[in-house]
Amino acid sequence: MLDTIKDIIQYISQYHESLVVSFILAILAGLTAVKTIPRLKQPFLNAKLSGIDILKPNKPILPETLGLPIAIIYLITMFLFIPVPFIDWFGGKFFFSVVHDEAPHLGTFPYHKLGEILSAILAIQSMVLLGFADDVLDVRWRYKVWFPAIAGIPLLIFYYTNFGVTYVVTPIQLRPWFGDMIHLGPLYYVYMLSLIIFCTHSINILAGINGIEAGQTLVISLSIIINDLLYIYKNPDQRSVEVHLFSLYFMLPFTGVTLALLYYNWYPAKVFVGDTFCYFAGMTIAVVGILGHFPKTLVLFFIPQMFNFLYSCPQLFRFVECPRHRMPRVLVDNKNDQSKVLLHCSVVTLNQERKPTGKLGRAMLEFLNVLGLLHVISRDDHGRISQCNNLTLLNLVLSYTGPIPENRLTCTVLLIQILCSLLAFYIRYSLVKFVY
Ligand code: UD1
Ligand code: MG
């Protein structure tokens, strides 16, 4: 294991200097974020960019939207990095020489590669802008659900004009009927938009306890980095190396700034990340999955988010009442001893006169109950569910563990995320040969 890591490091420093630069920039970006966040706490509070830490007995007000400075530090890092992969075309003179359209030993300048990086940055930047608008204006879900699709347009336009690849490889079992490839045509763009919408919102709805948004993002980004390194090291094919290098250029600085944010958002949180961070994180990850051509592997790293989304559907699509906040609630044992403050699952009350739950909603809840995925608190005289847990992974974990402190819940969910990433690697590198 250690030998493999040593080999990978040696191989990268020998053949991929841009990656070394990216790694150094990632460390600098992370350190800048660590220094910047504490200085911005008061200005953010003054600007009323703040939120109540609902799960603490004394309900402190914390600065929110610290995802914004993080995203800005990341974008500046990426701006500075843009020339690095193309340094050979500057004849080594970097600052002073113009781009050579034809470098004798390198061929034509890869304008499409530059376009790829610029379109990715533009999509991420647009997402940050819309995420910030959401944090400031608290936009309603029916509108904000489309925000990632709007921010993703530059990316899709670039994809259309440069790749135009709209097929997916058919699983072996389906090949007798559909052939080796299925051409999706315009549906491929719908598939990519859905991926962008899913990545951004799925992080935002697995939220509400200290450290969970940044923590899950960190596990996903580290999983992507490990996958890229394995690919580059194991696969000498030029095209694969290129796309996974592209992914690393975006993921390394992203991981640096996320780590810094997690440091301040970890229990007991000093700042909140805000929707800006969730959108920024989801878009950055979706961008590398799409332009890195590994959307299926990417989805494998989102298993807990996928579960949380599917589990949430009855509430998200309003078959069952959906309160503004679905995060767990505090069960106060001792106000003076923070470690004795335990969380238990938050409850949704059905049969409300204003929003009665229909037959379909009830059927969904009964189905979840049969699967052991619902904590029924009470039933009415007719035996119908009248109170149950809010349909989130956090509440489900609590219904199995019983009341636990907030930091233990964060650690438990992050452990689930890590185990799911290991499962994803197993599927990607072992089980996949039975399907592709
Ligand atoms: C999403 C969830 C909502 C959840 C909320 C928590 C859906 C449909 N929406 O809404 O159920 O309650 O995220 O972020 O699933 N907060 C804390 N502690 C934390 C993090 C957040 O108390 O560690 C509170 C703060 O008051 C903060 C607020 O949550 O101001 C942020 O909520 P916001 O991000 O605006 O909620 P949504 O993303 O709309
Ligand atoms: Mg949010």
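Every heavy atom of this structure was used, including side-chain atoms; hydrogens, water molecules and symmetry mates were not. Both ligands and their constituent atoms are indexed starting at 1 by order of listing.
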| field | Partners passing side-chain contact (heavy atoms from CB on, under 4.5 Å) against Pro110 (at least two apart in sequence or in another chain) | value | Phe86, Trp89, His112, Lys113
| request: Ignoring hydrogens and angles, tell me if any N or O in the side chain of Asn389 forms a donor-acceptor pair with the backbone of Val347 under 3.5 Å. | output: no
| said: Tell me if the centroids of the rings in Phe280 and Tyr74 come within less than 6.0 Å of each other. | reply: yes
| said: Under a 3.5 Å cutoff, is there a donor and acceptor pairing between the side chains of Thr410 and Asn407? | reply: no
| message | Restricting to side chain to side chain donor-acceptor pair (under 3.5 Å), what partner residues turn up for Asp134, sequence neighbours left out? | response | Lys144, Tyr279
| query | Rounded to the nearest 0.5 Å, how far does OG1 of Thr166 lie from CG of Leu184? | reply | 7.0 Å
| remark: Any protein N, O or S atom under 2.8 Å from the Mg ion (ligand 2)? Found Asn204 OD1, Asp275 OD1
| request: Give the C-alpha distance, both sets of side-chain angles, the deciding distance and a yes or no for side-chain contact (heavy atoms from CB on, under 4.5 Å) between Thr65 and Phe44. | output: CA-CA 8 Å; Thr65 322; Phe44 271 60; 4.1 Å; yes
Between ligand 1 and the protein, which N/O pairs fall short of 3.5 Å?
unit_1, atom_1, unit_2, atom_2, d
ligand 1, 11 (O), Arg326, N, 2.9
ligand 1, 12 (O), His325, ND1, 2.7
ligand 1, 12 (O), Arg326, N, 3.3
ligand 1, 15 (O), Arg326, NE, 3.2
ligand 1, 15 (O), Arg326, NH2, 3.0
ligand 1, 18 (N), Gly208, O, 3.3
ligand 1, 22 (O), Ile52, O, 3.3
ligand 1, 22 (O), Ile54, N, 3.0
ligand 1, 23 (O), Ile209, O, 3.4
ligand 1, 23 (O), Asn210, N, 3.0
ligand 1, 23 (O), Asn210, ND2, 2.9
ligand 1, 26 (O), Ile52, O, 2.6
ligand 1, 30 (O), Glu64, OE1, 2.7
ligand 1, 30 (O), Glu64, OE2, 3.4
ligand 1, 34 (O), Asp275, OD1, 2.8
ligand 1, 35 (O), Arg324, NH2, 3.1
ligand 1, 36 (O), Arg324, NH1, 3.4
ligand 1, 38 (O), Asn204, OD1, 2.9
ligand 1, 38 (O), Asn204, ND2, 3.1
ligand 1, 38 (O), Asp275, OD1, 3.2
ligand 1, 39 (O), Lys144, NZ, 3.2
ligand 1, 39 (O), Arg324, NH1, 3.2

| field | Donor-acceptor pair between Tyr267 and Asp53 side chains, under 3.5 angstrom | value | no
| request: Look at the aromatic rings of His201 and Trp141 and report parallel, tilted or perpendicular, splitting at 30° and 60°. | output: tilted
